[in-house]
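Comments concern the structure below.
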Amino acid sequence: MDKVLRSAAEAVADIPEGASLAVGGFGLCGIPSTLVRALVDAGTGGLRVASNNCGVDDWGLGLLLREGRIARMTSSYVGENKEFARQYLCGELEVELVPQGTLAERLRAGGAGIPAFYTPAGVGTQVEEGGLPWRYGPDGEVLLASPPKELRTFHGRDYLLEEAITADFALVRAAVADRHGNLVFHAAARNFNPLAAAAGRVTLVEAERIVEAGELAPDAIHLPGIHVDRVVQADPGDKRVERRTTRAAGPAAPATPATQEAGR
């Protein structure tokens with residue numbers, strides 16, 4: 001079955017107001033920026049998004065946030081986005097902060113059909129006790145707080161019950177996709193993408209390269225096409241580096257026997 005569509009706009013056209021989304025990426029690495037920009041252009045709002053973070057002020061999910069299109073975020077890290085902080089503290093955005101490993105497992109469980117699981121992460125903290133502010137009021141009062149979590153003891157250790165995450169749609173980015181939706185990711189850009197893809201009821205993929213069915217070696221496939229519904233060509237020029245770090249120019253370090261041997 002050929003799953004390739006003509007454009008990202010066509011792929012996101014049926015995402016309705018208030019839809020829930022699972023979005024891949026980590027920082028700006030492996031984010032589905034082409035699909036996100038198509039969603040911005042479509043004008044869809046009231047979105048409830050589960051993603052490790054919310055992009056930056058002018059890129060990735062930050063574009064949807066800037067336009068006021070996101071109603072709720074479930075994330076583990078939000079520190080690179082000033083507009084995110086402003087909306088949260090002003091009561092414009094509902095935020096559920098989740099330990100990063102727990103977020104990954106909640107998405108994985110959702111994709112595997114597991115409704116909930118127990119984890120030691122968060123035991124003895126406000127994650128367990130509840131009361132974390134999810135939404136503020138205009139005067140800084142807490143309008144909605146996290147509920148307490150069920151605690152159970154297994155083999156002498158305490159664990160918290162965490163519910164799985166599933167979403168109406170998933171947006172992910174891959175390095176290579178074939179026309180049947182089989183995916184290959186590149187290095188760290190794999191991150192949350194396979195988890196988000198499996199957790200979506202309808203999964204949209206933007207791929208940097210699209211090949212014919214059968215061109216990918218079976219053992220090279222990171223995510224099988226059974227999890228993918230639509231594939232579009234990613235914009236090749238939409239990659240950005242979140243924090244560019246370079247080393248000051250200077251004399252090269254002297255060669256050692258180990259580096260000489262490695263260079264042979």
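As a basis for the values below, the full set of heavy atoms in this structure was taken, side chains included, without hydrogen atoms, waters or symmetry mates.
- Ion pairing of E212 with R179 is present here, as a side-chain N (NZ or NE/NH1/NH2) and a carboxylate O approach within less than 4.0 Å.
- For the residue pair S75/N53, the side-chain donor-acceptor check at 3.5 Å is not satisfied.
- Note on ring orientation: taking the six-membered ring where Trp is involved, the planes of F154 and Y159 are perpendicular (angle over 60°, cut-offs 30° and 60°).
- The backbone N or O of H180 sits less than 3.5 Å from a side-chain atom of D178, completing a donor-acceptor pair.
- In this structure, R173 pairs ionically with E206, as a charged nitrogen and a carboxylate oxygen lie closer than 4.0 Å.
- One N or O on the side chain of S146 and one on the backbone of G131 form a donor-acceptor pair closer than 3.5 Å.
- The side-chain contact (heavy atoms from CB on, under 4.5 Å) with L97 is formed by just one residue from the set V78, L132, T74; it is V78.
- A 6.0 Å sphere centred on CD1 of I226 holds no more than 12 heavy atoms belonging to other residues, nucleotides or ligands.
- Counting non-hydrogen atoms of other residues, nucleotides and ligands closer than 6.0 Å to CD of E163 gives a total of 12 or fewer.
- Rounding to the nearest 0.5 Å places CG of N193 at 11.0 Å from CG of L107.
- Applying the side chain to side chain donor-acceptor pair (under 3.5 Å) test to K3 and every residue at least two apart in sequence or in another chain returns nothing.
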- Task: Please lay out, stage by stage, how T44 and R69 fare under the test side chain to side chain donor-acceptor pair (under 3.5 Å).
- Result: CA-CA 7 Å; T44 311; R69 308 282 181 74; over 6 Å; no
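- The 12-atom threshold is not exceeded at CZ of R209, counting heavy atoms of other residues, nucleotides or ligands nearer than 6.0 Å.
- Under a hydrophobic-cluster definition in which Ile, Leu, Val, Met, Phe, Trp and Tyr are linked whenever side-chain heavy atoms come within less than 4.5 Å, directly or via other members, I70 and I31 are assigned to different clusters.
- Side-chain contact between H222 and L183 is absent, with no heavy-atom pair separated by less than 4.5 Å.
- Annotation: the span from L47 atom CG to E17 atom CD amounts to 7.0 Å, rounded to 0.5 Å.
- In terms of modelled atom types and a separation under 3.5 Å, the side chain of N182 and the main chain of G225 share a donor-acceptor contact.
- Judged by distance alone, with hydrogens and angles left aside, the side-chain atoms of N81 form a donor-acceptor pair with the main-chain N or O of C54 at under 3.5 Å.
- For the atom pair I15 CD1 and F169 CZ, the distance stands at 5.0 Å (nearest 0.5 Å).
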